[in-house]
2 protein chains.
Amino acid sequence: MKNKQSYFQNYVSVDCVVLGYDEVENRLQALLIKQKNPHKQNVDSFKSQYALPGDLIKEDESLDDAAIRVLNELTHIKGLYLQQFFTFGHPERVADPKDAEWLKGYRKDPNARVITIAYLALVRIDHINPQAGSFAENTIWRSIKKIPKLAFDHNVILNKALEIIKEHPEHHIMGRELLPPKFTLSQLQNLYEAMSNVQLDKRNFRKSIKTADYLIPLDEKQTGVLHKPAQFFSFKKAKK
Amino acid sequence: MKNKQSYFQNYVSVDCVVLGYDEVENRLQALLIKQKNPHKQNVDSFKSQYALPGDLIKEDESLDDAAIRVLNELTHIKGLYLQQFFTFGHPERVADPKDAEWLKGYRKDPNARVITIAYLALVRIDHINPQAGSFAENTIWRSIKKIPKLAFDHNVILNKALEIIKEHPEHHIMGRELLPPKFTLSQLQNLYEAMSNVQLDKRNFRKSIKTADYLIPLDEKQTGVLHKPAQFFSFKKAKK
DNA sequence: AATAGTAATTGTACAAATTACAATAAGTAT
DNA sequence: ATACTTATTGTAATTTGTACAATTACTATT
């Protein structure tokens, strides 16, 4: 076996950035899990951290399938459109002392490097109902403007995801069901603003999205509102 | 170790899409390696294939460092700006029978799944001088319009890279030294056209790149050409 | 019935960018 | 002086982007 390479093997994980759009508050929230204490008795030294839902992949599943499975195991969420956006593989990315105890509790090789493929999903926050599972003690939504210190390099991962949607909100809106099937132009504008973190002029926003051509105006109005009722619109179906 | 996960480990590689801009022919070429026969005696059954330069990563190097090292080992190229663009991890991506023999020759676990992080670099083709090394029998440049059948899923990887530069040629031109330090506007236009595969109008191209603001006009002209000599330009240094 | 409150809807003037299109200029070679 | 080659430049029409405020349609209150 002289000419055969004896490179080592790696732990590979997926991490999911799930961003929930909260229409009422007009903000994006990130779905986080709280790490479960791995010790049977309470061990005071264990400090639970918040983290992105993520775990090691299995042998016979694709990366996309792994992301779906892992998210489901930790949060019982199903049916999201998860899209790979970057891979993080720094040798020290899980070597911070703050993460050592959790790793000791849950991993055979707590000191091993882990390479992670990060996934992104966007969803209406009232459309899913996360329920903690596996090593998630519980799940929480946190506004993207108030993200706490997370386990591992998960703050870096989350920030990269936020940069990506900020650059091209329109790519991440179409076909993602971030709004009800029938929505007003103000709802759509609010969504754009939450994703890009930029305020837009009403008139100019309406002009521009009407020249782009994804909307179908409906013969329906709001009812029971304390002001002029807005017209409803829906998205055209993507072609493909 | 009851509550500890016993997930398997993975082979992880990097693959490099190196695109060389050939100014004379005005085309992009991809750098490929020809796989070396792993057998000491010639074995007729071994069919060498072309492949992207790529190999397994090592334990203590970052993914970016691995890409640099692997490219160097296989082609002796140094100093390229390699950028991660996608990770390919389908369980069957190295399971095609056409690849079995090479894997048997070079890998301890020829049947093992390999997850690969793909990198992209753009370079002037006359700026580097690839020299085969390691398991590369030799290296060749092939026009991106005439790519042969490659090993593994490397055609898919290469196509994904081409899509990416096509979408935003301008992102991949600045600071990449794809032109000589002093170049004419026709040279720059040719480069854009080769990257986007679209023909542009001279007057409009010049107008648009002058409103964008990366060029410094120089007090220098071509000499010895059979026509009106063109003015030279250079790129402004990126800020950062 | 009149009024107040609220958010929806719409237009215009200006600037900037995009598109389509062809004549002239500055070299070299004969 | 002429022919050849590529570089360079302008203009009109159109589209897109930007800044800015009055009117409309509904509900609730008086």
Side-chain angles (χ1 to χ4, degrees), chain A residues 22-27 166-171 173 179-235, chain B residues 22-27 166-171 173 179-235:
Chain A
D22 175 351
E23 208 189 304
V24 179
E25 301 285 337
N26 191 30
R27 61 183 179 183
K166 199 168 174 173
E167 274 173 30
H168 294 290
E170 68 282 4
H171 290 191
I173 286 177
L179 293 173
K182 300 171 182 178
F183 51 85
T184 69
L185 296 182
S186 293
Q187 287 178 295
L188 183 59
Q189 182 174 351
N190 284 337
L191 173 56
Y192 266 88
E193 290 176 344
M195 290 177 70
S196 65
N197 202 23
V198 168
Q199 296 297 107
L200 304 170
D201 177 82
K202 277 188 184 187
R203 285 161 290 192
N204 295 337
F205 176 76
R206 283 159 191 248
K207 233 183 302 178
S208 66
I209 56 146
K210 282 178 177 170
T211 58
D213 171 60
Y214 6 106
L215 294 184
I216 304 171
L218 303 177
D219 282 333
E220 230 177 310
K221 289 177 181 180
Q222 287 179 315
T223 54
V225 290
L226 293 185
H227 52 79
K228 179 171 178 177
Q231 188 183 4
F232 284 120
F233 290 79
S234 67
F235 285 119
Chain B
D22 174 352
E23 208 189 305
V24 179
E25 302 283 337
N26 192 30
R27 61 184 179 183
K166 199 169 175 171
E167 273 171 32
H168 293 291
E170 69 282 5
H171 291 189
I173 287 177
L179 292 173
K182 298 171 183 180
F183 52 86
T184 70
L185 295 181
S186 295
Q187 287 177 294
L188 183 59
Q189 182 173 353
N190 286 337
L191 173 57
Y192 265 87
E193 290 177 343
M195 290 178 70
S196 64
N197 201 25
V198 168
Q199 296 297 107
L200 304 169
D201 177 84
K202 277 188 184 188
R203 284 162 289 191
N204 294 339
F205 175 77
R206 281 158 191 249
K207 234 183 300 178
S208 66
I209 56 146
K210 282 178 178 170
T211 58
D213 170 59
Y214 3 107
L215 295 184
I216 303 169
L218 304 177
D219 283 332
E220 229 177 309
K221 289 177 181 184
Q222 286 178 315
T223 53
V225 289
L226 295 185
H227 54 78
K228 178 172 177 178
Q231 187 183 6
F232 285 119
F233 289 79
S234 66
F235 284 119

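Computed from heavy atoms alone, side chains included, the values below leave out hydrogens, waters and symmetry copies. Numbered from 1 within each chain, the chains take letters A, B, ... in sequence-line order. It should be emphasised that the depicted structure is a prediction, and the values quoted were computed from it without experimental measurement.
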(message) One character per nucleotide, please: for nucleotides 24-30 of chain D, 5' to 3', B when the base has a protein heavy atom closer than 4.0 Å, S when only the sugar-phosphate does, - otherwise.
(response) BBBSS--

(request) Look only at the side chain of B:Gln231 and the backbone of B:Leu218, and say whether a donor-acceptor pair between them is shorter than 3.5 Å. (result) yes

(message) Could you check whether any side-chain N or O of A:Glu23 sits under 3.5 Å from a backbone N or O of A:Gln187, counting only pairs where one atom can act as donor and the other as acceptor?
(response) no

(message) Below 4.0 Å from chain B heavy atoms, what is the first contacting nucleotide of DNA chain C and what is the last?
(response) C:dT19 to C:dA29

(message) Could you report the tightest heavy-atom contact between B:Lys210 and B:Leu185, atom names first, then the distance?
(response) CE-CD1, 4.0 Å

(request) Considering non-hydrogen atoms only, spot the tightest contact between B:Val198 and B:Glu193 and give its length. (result) O-CG, 3.2 Å

(message) Can you list everything that forms a salt bridge (charged side-chain N to carboxylate O under 4.0 Å, His left out) with B:Glu220? Sequence neighbours excluded, please.
(response) B:Lys182

(request) Let me know the distance between CD of B:Gln187 and C1' of D:dA7, rounded to the nearest Å. (result) 13 Å

(message) Can you list everything that forms a salt bridge (charged side-chain N to carboxylate O under 4.0 Å, His left out) with A:Asp213? Sequence neighbours excluded, please.
(response) A:Lys236

(message) Using a heavy-atom cut-off of 4.0 Å across all strands, would you classify A:Ser186 as base, sugar-phosphate, or nothing?
(response) sugar-phosphate

(message) From CZ of B:Phe233 over to P of D:dA7, roughly how many Å is that when rounded to an integer?
(response) 12 Å

(request) Mind listing the closest non-hydrogen atom pair of A:Phe183 and A:Ser234 along with its distance? (result) CE2-CA, 3.7 Å

(request) Rounded to the nearest angstrom, tell me the gap between atom CG in B:Leu188 and atom P in D:dA7. (result) 13 Å

(request) State which residues pass side-chain contact (heavy atoms from CB on, under 4.5 Å) with A:His171; sequence neighbours excluded, sorted by chain then number. (result) A:His168

(request) Using a 4.5 Å cut-off on heavy atoms from C-beta on, say whether the side chain of A:Thr184 contacts that of A:Phe232. (result) yes

Pairs: protein N or O with nucleotides 9-13 of chain D N or O, under 3.5 Å:
residue : atom : partner  : partner atom : Å
D:dT11  : O4   : B:Lys207 : NZ           : 2.9

(request) Measure across B:Pro229 and B:Val225 and return the closest heavy-atom pair with its distance rounded to 0.1 Å. (result) CA-CG2, 4.0 Å

